[in-house]
Amino acid sequence: MNLYESLAVKIEERIRGGSLAIGERLPSIRNLGRQENASPATVVGAYELLKSRGLIEARERSGFYVASFAAPALSEAKAAPGFVRPASLDPEDLILSLRQAMHNPHIFPFGTAAPMPDFFPIKALNRCFSQVLRDEPATVSEYRFPPGAESLRQQLRKRFSGMGVRLAANDIVTTSGAIDAIGLALSAVARPGDVVAVETPTYFGILQLVRALGYKILEIPLDTELGLTPQRFQQALQKSAGKIKALITVANFCNPLGSLMSDANKRQLVQLAEDSGTTIIEDDIYGDLAFDGTRPKPLKAFDSQDTVILCGSFAKTISPALRVGFACSRKFAPAILAQRAARVSGVSALAEEALALYLDSGHYERHLRKIRSAYHTLTAQYTHAILSHFPAGTRVSRPQGGFVLWVELPGKPDARLLQTKALEKNISVAPGPLFSSNHGEYGSFIRINCAIPWTTQAQKAVEKLGGVIARL
Ligand SMILES: Cc1ncc(COP(=O)(O)O)c(C=O)c1O
């Protein structure tokens, strides 16, 4: 055995024995060389070998970390697309009760998909808001109407151009967040009763929106690692006799799976949509949160015929309280603008100008590097804790970005009952049935928020939740 191979074996034993935990940073090449009396080349060889075996992973400008290799893969979802009868929108709706729990500061927030304040650039935002108020005081007395602040739309144009998306500032309409953008886009392309395809499992806010707007809902099951595949979209087209008016997709790190569509699949999906006359409404809200630091392209980068309306917001990266998002498409901008102008008596000039200043400051990329790495480590730490404290047989998603985990519980417990029992212990979880329109699927799944600092309190919350599950 070579020197680097025996060093790799030694490190592997520490990983498997648990003295190096999932998500933990490995010593730098120089430090490990010093500790082990080995040359840098030997350490690099050992790390490369462990990397090729999937035991450790390299992170952008940050070094090597123990990979979440131990997480068993989720079982495969049902594969066939199908129409669903949506659950009614009554006040007892599961979504409302989950959201009410978000407002209680005594409840440990595993159930939300919102990072804790620790992960937002509060100081920099403070500076930007102060600067707008100081330099442009007239902003506070202003009604500003859609399409929104020119400064912000220019910043967005510049950002998207770096991702291969060609847009003019006039192709962009600012919105009150991503869900507002998707709602406007839907109203611009489809009428109530039209077929709208959605992914499953997917974020319940999207499902709530399509339910409320009265579309015929066709759910397309996601592949747990690849996301929406062109094959499944093709099956969905057949199922609907080619009549899908709009497809809503979160191609980059969807909520709750964290899967990522490949560039080849993105290209093929856009082509299929173009050929079938389907408009894709893309929600790119998690695109900036790739664990490996490589910003994946939006579907819109593969779109030459304006088949895609690119939507999103900065709710997951800068602050949900800004309530600023965007919808982008040359062809549909006038219709979206008309919808928006009819619904609001102005956009938040203050928030939009401050956000434009922040994006212009260059701080955003630094901030993203920090939170991407934090979310990568945290998802690995929570995965490890869940697998240690939840009943044997628990399976966990392997997200490639974002900050949530999709957890499959063994023995088919009722996730809704779990939600109630966990709330009695002051812990919220998002029960799986929320992630399908009829609330009839994913009965033994829960979604866990990992954008919560890894503290003793967090560890205790995982243990306590594991106890609640075991008792169900
Ligand atoms: C996929 C997805 N889209 C949209 C949203 C909400 O975005 P916004 O607050 O900008 O409306 C969320 C929040 O959880 C989400 O997960």
Side-chain angles (χ1 to χ4, degrees), residues 94-96 98-99 101-102 109-116 119-120 148 152 156 172-186 198-213 219 222 227-228 247-261 280-290 296 298-299 309-328 336 340 343-344 347-348 351-352 355 375 379 397 399-406 428-432 434-437 446-452:
L94 289 169
I95 301 174
L96 290 177
L98 178 72
R99 287 185 170 157
M102 280 170 68
F110 280 143
T112 64
M116 298 285 268
F119 301 105
F120 291 120
L152 177 60
L156 292 170
I172 303 171
V173 179
T174 66
T175 64
S176 304
I179 289 298
D180 183 37
I182 297 168
L184 293 164
L186 276 172
V198 294
E199 299 170 328
T200 182
T202 198
Y203 169 52
F204 45 82
I206 293 176
L207 301 178
Q208 195 179 29
L209 176 71
V210 287
R211 281 194 284 159
L213 293 179
E219 289 194 341
L222 294 178
L228 178 62
L247 162 71
I248 305 174
T249 171
V250 187
N252 297 329
F253 319 122
C254 64
N255 167 7
L257 279 167
S259 54
L260 173 66
M261 207 185 284
I280 296 180
I281 299 176
E282 169 176 31
D283 179 359
D284 194 37
I285 194 163
Y286 293 103
D288 284 342
L289 294 176
L299 283 162
I309 304 177
L310 170 60
C311 300
S313 82
F314 295 93
K316 307 297 172 185
T317 53
I318 300 179
S319 164
L322 287 172
R323 296 285 82 222
V324 179
F326 46 82
C328 316
I336 291 171
R340 174 96 171 125
R343 290 184 204 182
V344 298
V347 304
S348 170
E352 292 194 1
L355 178 59
Y375 295 159
T379 47
S397 58
Q400 297 173 65
F403 50 80
V404 296
L405 289 172
W406 184 232
S428 77
V429 295
L434 287 185
F435 296 81
S436 165
S437 284
I446 53 172
R447 187 197 63 191
I448 294 286
N449 175 18
C450 301
I452 303 173

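Just so we're clear, the structure is a prediction, and the values are computed from it rather than from any experiment. Residue indices begin at 1 and follow the sequence shown. All ligand and atom numbering here is 1-based and tracks the order in the structure.
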Inset, instruction - May I ask which of I182, V404, I285 has a heavy atom nearer to atom 7 (O) of ligand 1 than the others do? - result: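 The residue whose heavy atom sits nearest atom 7 (O) of ligand 1 is I285.
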Inset, instruction - Have a look at ligand 1 and work out which part of I179, if any, has a heavy atom under 4.0 Å from it: side chain, backbone, both or neither. - result: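 Both backbone and side chain.
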Which ligand 1 atoms does [X] reach within 4.0 Å, using its non-hydrogen atoms?
X    : result
G177 : 10 (O), 11 (O)
A315 : 9 (O), 10 (O)
Y286 : 1 (C), 14 (O), 15 (C), 16 (O)
N255 : 14 (O), 15 (C), 16 (O)

Mind checking whether [X] and [Y] have side chains closer than 4.5 Å, heavy atoms only?
X    : Y    : result
C254 : L222 : yes
L257 : P201 : yes
F326 : L152 : no
V198 : V210 : yes
W406 : P399 : no

Legend entry - A178, any N or O under 3.5 Å of ligand 1 N or O: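 Among all N and O atoms of A178, at least one is under 3.5 Å from an N or O of ligand 1.
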Report the nearest protein non-hydrogen atom to [atom]: residue, atom name, distance rounded to 0.1 Å.
atom                    : result
atom 13 (C) of ligand 1 : K316 NZ, 2.7 Å
atom 2 (C) of ligand 1  : D283 OD2, 3.3 Å
atom 9 (O) of ligand 1  : R323 NH2, 2.6 Å
atom 12 (C) of ligand 1 : Y203 CE2, 3.4 Å

Legend entry - Value rounded to 0.5 Å, distance of OG1 in T379 from CG in L289: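 Going from the OG1 atom of T379 to the CG atom of L289 covers 11.0 Å.
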Legend entry - Charged N-O contact under 4.0 Å between D180 and R340: yes
Legend entry - Ring-ring centroid check F204 F435, cutoff 6.0 Å: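 Distance test on ring centres: under 6.0 Å, yes.
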